[in-house]
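Working notes, structure below.
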Amino acid sequence: MKKILLYNTLSRRKEEFVPIRDGQVGLYTCGPTVYNFAHIGNLRTYIFEDILKRVLQYNGYQVRHIMNITDVGHLTGDRDMGEDKMEKGSRREGKTAWEIAEFYTAAFKSDLQQLNILDPDIWVKATDTIDDQIAMIENLQNKGFTYQTRDGIYFDTSKFPDYTKLSHQDLESLQEGARVEKNPEKRNATDFALWKFSPAGVRRQMEWDSPWGVGFPGWHIECSAMSMKFLGDQLDIHCGGTDHIDVHHTNEIAQSEAATGKPFFNCWMHGAFLIIAGGKKMAKSDENFLTLDNAFLKRDINPLVYRFGAFQTHYRKPMEYSDESVRAARNGLQHLQNQVRQAAQNAGGQAGTVNESFKAKFLQMVNDDLNIPRALAVVQEMLKSNIDDAEKCATILDYDRVLGLNLDKLDQPETLPENIQKLVEARQAARAAKEWAKSDQLRDQIQESGYTVQDTKGGMKVIKN
Ligand code: AMP
Ligand code: ZN
């Protein structure tokens, strides 16, 4: 195996990746809280994680990837205060929390598909592992790490000496910061809820019996319970966005290591934020809430433009989003697609082999903490080199195992948006019925939407202008 360097937030440096089991990687990525659509900032993090997984696979590792769906227990404040996000979504839309979870889970999975992000081996819903979470809390209770208040069971962070080993924060200033969200019954400001009781007299939509009373699990416990349930002690890499470092992942480490007495994940990786003009981060509560649907699909922009755009910035650097950056990414992807089409045409169907020296160069870049911007420079160097065209085609398709830009599907006509597809079908029906005036009118309508219609012997061809 070639050496892979990954930046580990635990040590704050790039380290050689060493798996716990030879040739295998256990990967856990924190999934979405399904009370709303994912915004394109969230999706940037999932693109980074997809690249990580693909690079590991490209290096020959067998990756076992788990992703959770947070469908309960995530309050609007990360430190156990505020409203339950699912109940909030339910009120906003007049649907049950269960319906909200189902709808936004499907929307999220569709976003991943549009971005050519590989599915995890296992999807797990928090609500499907309540028993595992309760068992873990009982374990922590037996080991003396918990205490009870009027509103729930809490983890006592003062009993876990290395609490700030991931965040590297100064505990005193952290205690001050955490105190902003007041809960006078907490022993330490950084303590967090493992189980919350349903408020007296209130029937929550999502609640379960537990040894401590009816309620629901805190947000952090689900990721610890699920990662251990499905990866056992094979805990290699855990990822998320940088916002998870100080609270969510810090708490996961504390409760997991307290429960097992063993180190939890060896490597913690975090993707930097997507920001918009002026340096503001994108948030679900913002007016700048851009989704894949409203920023790309509705504007008839191939969602892979966003994927390609994300490649221009290293995952640990903030990425700026603007109309200008989308335009540049759109041109860049089109240029690359044309280069690949040209090489394929020149090769004239001749099969080539992967150019080993260019493969080694590409591998060196992606294995250097996923340096995709520099890997893209190698792609250009290879395509502009004087190696044989058939070799170029084989090499770019090999690179595409990491890039995931569907460069093997360029000859297939692109799928048409639903409204255009409907017009096409109507025109086919009109032609079959020999309604020529109607057929011409539908053709004009399709062309006005930015498509060219060609009637060929093989049928109607519709191509985006
Ligand atoms: P959430 O659905 O809020 O739990 O977030 C899903 C993922 O997106 C997490 O890994 C977050 O860390 C990440 N995330 C949240 N906001 C952004 C942002 N503006 N840019 C990049 N990643 C983000
Ligand atoms: Zn998580």
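We count ligands from 1, going down the list as the structure has it; atoms in each ligand are counted the same way.
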query: Which heavy atom in Met1 sits nearest to a heavy atom in Asn59, and how many Å separate them?
result: SD-O, 3.1 Å
task: Would you give the length of the straight line joining atom CG of Asn139 to atom OG1 of Thr146, rounded to the nearest 0.5 angstrom?
output: 10.5 Å
message: Using a 4.0 Å cut-off to any heavy atom of His39, which atoms of ligand 1 qualify?
response: 16 (N), 17 (C), 18 (C), 19 (N)
- request: For atom CD of Glu418, decide whether the heavy atoms of other residues, nucleotides or ligands shown that lie under 6.0 angstrom number more than 12.
  value: no
query: the Zn ion (ligand 2) as vertex, arms to NE2 of His248 and SG of Cys30: angle to 10°?
result: 120°
field: Ion pair check, Lys14 and Asp369, cut-off under 4.0 Å
entry: no
query: Taking NZ, NE, NH1 and NH2 as the nitrogens, is one of them in Asp84 or Lys196 under 4.0 Å from a carboxylate oxygen of the other?
result: no
- prompt: Under 4.0 Å from any heavy atom of Leu274, which atoms of ligand 1 are there?
  reply: 18 (C), 19 (N), 20 (N), 21 (C)
- line: Numbered in order shown, the ligand 1 atoms found under 4.0 Å of a heavy atom of Gly240 are 10 (O)
- prompt: Polar-atom distance check: Phe273 versus ligand 1, any N or O pair below 3.5 Å?
  reply: no
field: Whether His244 has an N, O or S atom under 2.8 Å from the Zn ion (ligand 2)
entry: no
- request: Please state whether the separation between the Zn ion (ligand 2) and some N/O/S atom of Cys223 is under 2.8 Å?
  value: yes
Per-residue contact class, Asp243 against ligand 1 - non-hydrogen pairs under 4.0 Å: side chain
message: Strictly below 4.0 Å, N to O, side chains only: are Glu49 and Lys53 in salt-bridge contact?
response: no
query: Can you tell me if an N/O/S atom from His220 lies under 2.8 Å from the Zn ion (ligand 2)?
result: no
message: Are Phe192 and Tyr154, when compared by the centres of their aromatic rings, separated by less than 6.0 Å?
response: no
field: Arg187 with Asp156: basic N within carboxylate O range, under 4.0 Å
entry: yes
- prompt: With a 4.0 Å cut-off on heavy atoms, is His270 touching ligand 1?
  reply: no
query: Looking at ligand 1, does any of its N/O atoms fall within less than 3.5 Å of an N/O of Tyr46?
result: no
- request: Just jot down the ligand 1 atoms closer than 4.0 angstrom to any heavy atom of Thr45, in number order.
  value: 10 (O), 13 (C), 21 (C), 22 (N), 23 (C)
message: Suppose I only count heavy atoms of Thr33 and a 4.0 Å limit; which atoms of ligand 1 are within that range?
response: 2 (O), 4 (O)
field: Those atoms of ligand 1 less than 4.0 Å from some heavy atom in Pro32
entry: 2 (O)
message: Would you say that more than 12 heavy atoms from the other residues, nucleotides or ligands in this model lie under 6.0 Å from the CD of Gln113, or not?
response: no
